[in-house]
Every structure is written in C-alpha cells, then in structure tokens.
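Owing to the predicted nature of the structure, the values given are computational and were not obtained by experimental measurement. Atoms within a ligand are numbered from 1 in the order they appear, just like the ligands themselves.
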Amino acid sequence: MNSDIPLQMLGGLTARQFLRDYWQKKPLLVRQAFTDFENPISPDELAGLALEEEVESRIVLEHGERPWELRRGPFAEDAFSQLPERDWTLLVQAVDQFVPEVAELLTHFRFLPSWRIDDVMISFAAPGGSVGPHFDNYDVFLLQGHGRRHWQVGQMCDSDSRLIEHSDLRILADFIPASEWTLEPGDMLYLPPRLAHCGVAVDDCMTYSVGFRAPSAAEVLTHFTDFLSQFLPDEERYSDADAQPVSDPTQIQHDALDRLKRLLAEHMGDERLLLTWFGQFMTEPRYPELVAGSELAEEDLLSDLEQGAVLIRNPSARLAWSEVDDDLLLFASGQSRLLPGDLRELLKLICAADALHIDNLGPWLGDEQGRTLLCELIKQGSLGFADDE
Ligand code: SIN
Ligand code: CO
C-alpha cells in the first residue's frame, strides 16, 4: 500500500507520518476515524460469545464481592441478568477469530505487519464500567463502536509502577491523568505501550481494542535459545584449546568470558535460525486447538477447485513469509517451510488473498510444489474450504 496517502483513520496523517511521530511514542486521538461506523457485532451477540467454551472472556465489576472483582468466562446464560445496573465491563478476547465482520476491521491496519497484530478484543460496559487505571505492554488502537467512553491518559509506567493489591488485575495505585477525551462511535484513540490509561463508560458502550504482539526481551532470549539448542550437539562445549598456564587456579580469568562470548555470538548470530524461530514464534496461534485440518489428496484438491470450491485462511491461523537467499520461508501457525523462490507470488496470495480459487490459483496448480504446499496447509488447518465453516 502507498504509505504517503493521508488516511482518515489516522486523522489525515499518512502511515509514514503516523509511524514516525506517534507509533510506540505518544497517543493519537482521531475523531471519526471511521465515519458512520457500523458496529459489526451487537452487545447481545458479544454476550453470546462469552458463553462459548472456546472463547476467552471476563467480567470486571468495580463494586463486586470485592473491589474490582474479576469473573472469568465462559459464562452461564443467566450471568448477565444478575449483574448490577452499572460499573461493570465484559471483555471478550480475539473476536476477530469468531466474527468475520470484526476481522474485516483489521484490513484498515495493513500499513503495519500483520504478524505484529495480536487480536481484536471487544468490551461492553454498563455506565460507569471500567477496568481501572492500568498500562499495557503493547500498542493498542481503541475504537469506539457504540455509546460513549471517557478516556483519560496519564504517565508512562514500567514494572516498578505501584499497583493496588489484587491477585488478578494490574490496576495502578497512582494514576496521574494528563489528557482526557470522550469518544463517540467511530472515534479512535491510539495508545503506545506502557502509557497509563483509564476508560469509563458514559452510557452502555462497546470498545474495540486492536492489540499488538511484542515478545519481551526475556521471551526472545529464552525461546530463541531453546529453539537453537535443538540443533546443538552435546559434544559442542566450552573449549579452551588455546589455554595458557594459570597462576591462580581458583580465579576465572576474562579470557574464559571471551571464549563464551565467541560461542554465544557464533550461534546467536545465525540469521537463518533467528528468522526461522521468529517467524514460527510470531505466527503461533493464540488457540492452537482451533487450527486443525484434515488430509487431502492432491487429485481431490484439484477436482474440488475445478468444481468451484474456495479456500480461505482459517481465522485462527497466522501466516507470514520471508526471504532467505534465493529461497523463501513460509510461516504458518507456528511452523515453517523452506520453499523455492519461484513460489513467491503463491506465498503472497496464500498470506493475503481473501479467497483462493481456481481463478487466482490456476497457474500454481500445475506446479508440483505449489499443490503439495496447498495440501499441507489444508492438512495443518491453516487453510480450509469456505463451506467447511
Ligand atoms: C476496555 O475496553 O474496557 C479496556 C481496554 C483497555 O484499556 O485496554
Ligand atoms: Co488497556
């Protein structure tokens, strides 16, 4: 997409300007980011989702059995009729995986890598409802879908920021509001990571949070080294074939550290393995159990497509691709496949097209590796036939 076109959803900024001046830096309020916004899911439908086993949901009551009571879903049907008139919020995670019209919202965020996007969480709040002042460690776009919500944003926080004593919720003990706005349907507020914020429902309201994935440094190090270690033979060890006689045998000399640093650098600097790990890690599905497929023979794939069948990405799958020398890596829901460079357009199609059918797949169906890839992705569950939904 052209990064230099002013975007209404960014208040007339271009994607390039937004990324330069706001992304990961400071909040941006956009009035009518989406004009005539049509709420793609009603409060009742959201409550319905919160009854489902595979959906992650919670209710926060400011004045429940204890202050800021957290109830976890799935909920029973009568759970909502027993709630007070005000001061509670229902939050449902990853609604984009269950409601295609909500997933469509993500098409507006194509100026950011799709593998950075985590999910669309939707909250419904009764008047006064809030989850308390807090900070998140990831970027978020808060789109007002229905009713009004009053947002306050405050100081930058970190893991030293004081929290109230609570076993389940991370609510700030000290919140110093610096700016505030009341958002109406179609308005959107972007918040960078770690900025304290608190949104309180003015009326019954719904807020869509487009949240992002960013592994912590600790996750990068532990997961990458775990991944690397699978490829390291036991006999590869600390070695000091260059050793000199020591004057004090109880001292660890700095030349030992230099040997360790060389060992680490040699493996940590392996770009191909780093890319493979990162692509797999960033495409790990939130709900792996929802990415399940079935065996399909190549002849059946061909005849199904010829008869008009349409393949779509599983909404719970995550896909991305990259280049390694002349080859390509396809990442699909936590797995990677090395593929020849001439499949580039097919990979792009698989990762981004709304639907795969005989018309756009046609040229690839004559390619042995292309056909095998499609069958493998169907078997893995990242792709499926549209009418299987
Ligand atoms: C909400 O929608 O109530 C909370 C969203 C957030 O503050 O991250
Ligand atoms: Co938040």
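Residue Ser209 places no N or O, backbone or side chain, under 3.5 Å from any N or O of ligand 1. Some N or O of His134 is nearer than 3.5 Å to an N or O of ligand 1, by distance alone. Among the atoms of His197, some N or O lies under 3.5 angstrom from an N or O of ligand 1.
Of the listed residues (Thr89, Leu191, Asp136), the one carrying the non-hydrogen atom nearest atom 8 (O) of ligand 1 is Asp136.
Among the heteroatoms counted here (N, O or S) of Asp136, OD2 is the one nearest to the Co ion (ligand 2).
Only the side chain of Arg149 comes within 4.0 Å of ligand 1, counting heavy atoms alone; its backbone N, CA, C and O stay farther away. Neither the backbone nor the side chain of Tyr208 has any atom closer than 4.0 Å to an atom of ligand 1 (non-hydrogen atoms only).
Angle subtended at the Co ion (ligand 2) by His197 NE2 and His134 NE2: 90°, rounded to 10 degrees.
Here the side chains of Glu69 and Val60 are not in contact, with every heavy-atom distance at 4.5 Å or above.
The number of heavy atoms from other shown groups lying within 6.0 Å of CD (Gln230) is above 12. Heavy-atom neighbours of Asp354 CG from other residues, nucleotides or ligands within 6.0 Å: at or below the threshold of 12. Remark: Arg66 CZ is packed, more than 12 non-hydrogen atoms of other residues, nucleotides or ligands lying under 6.0 Å away.
For Tyr190 and Phe18, the gap between ring centers is short of 6.0 Å.
Under the 30°/60° scheme for interplanar angles, the aromatic rings of Trp277 and His223 are found to be tilted. Ring orientation note: the planes of Trp88 and Phe124 are tilted relative to one another, at an angle of 30° to 60°. Ring geometry, Phe231 versus Phe227: the interplanar angle exceeds 60°, so the pair is classed perpendicular (tilted spans 30 to 60°).
Heavy-atom separations between Phe124 and ligand 1 are all 4.0 Å or longer.
When each atom of ligand 1 is checked for a heavy atom of Trp151 under 4.0 Å away, the hits are 7 (O). The Ser123 neighbourhood of ligand 1 comprises atoms 1 (C), 2 (O), 3 (O), with distances under 4.0 Å to a heavy atom of that residue.
At the top of the distance list for atom 4 (C) of ligand 1, counting protein heavy atoms only, stands Val131 CG2, 3.9 Å.
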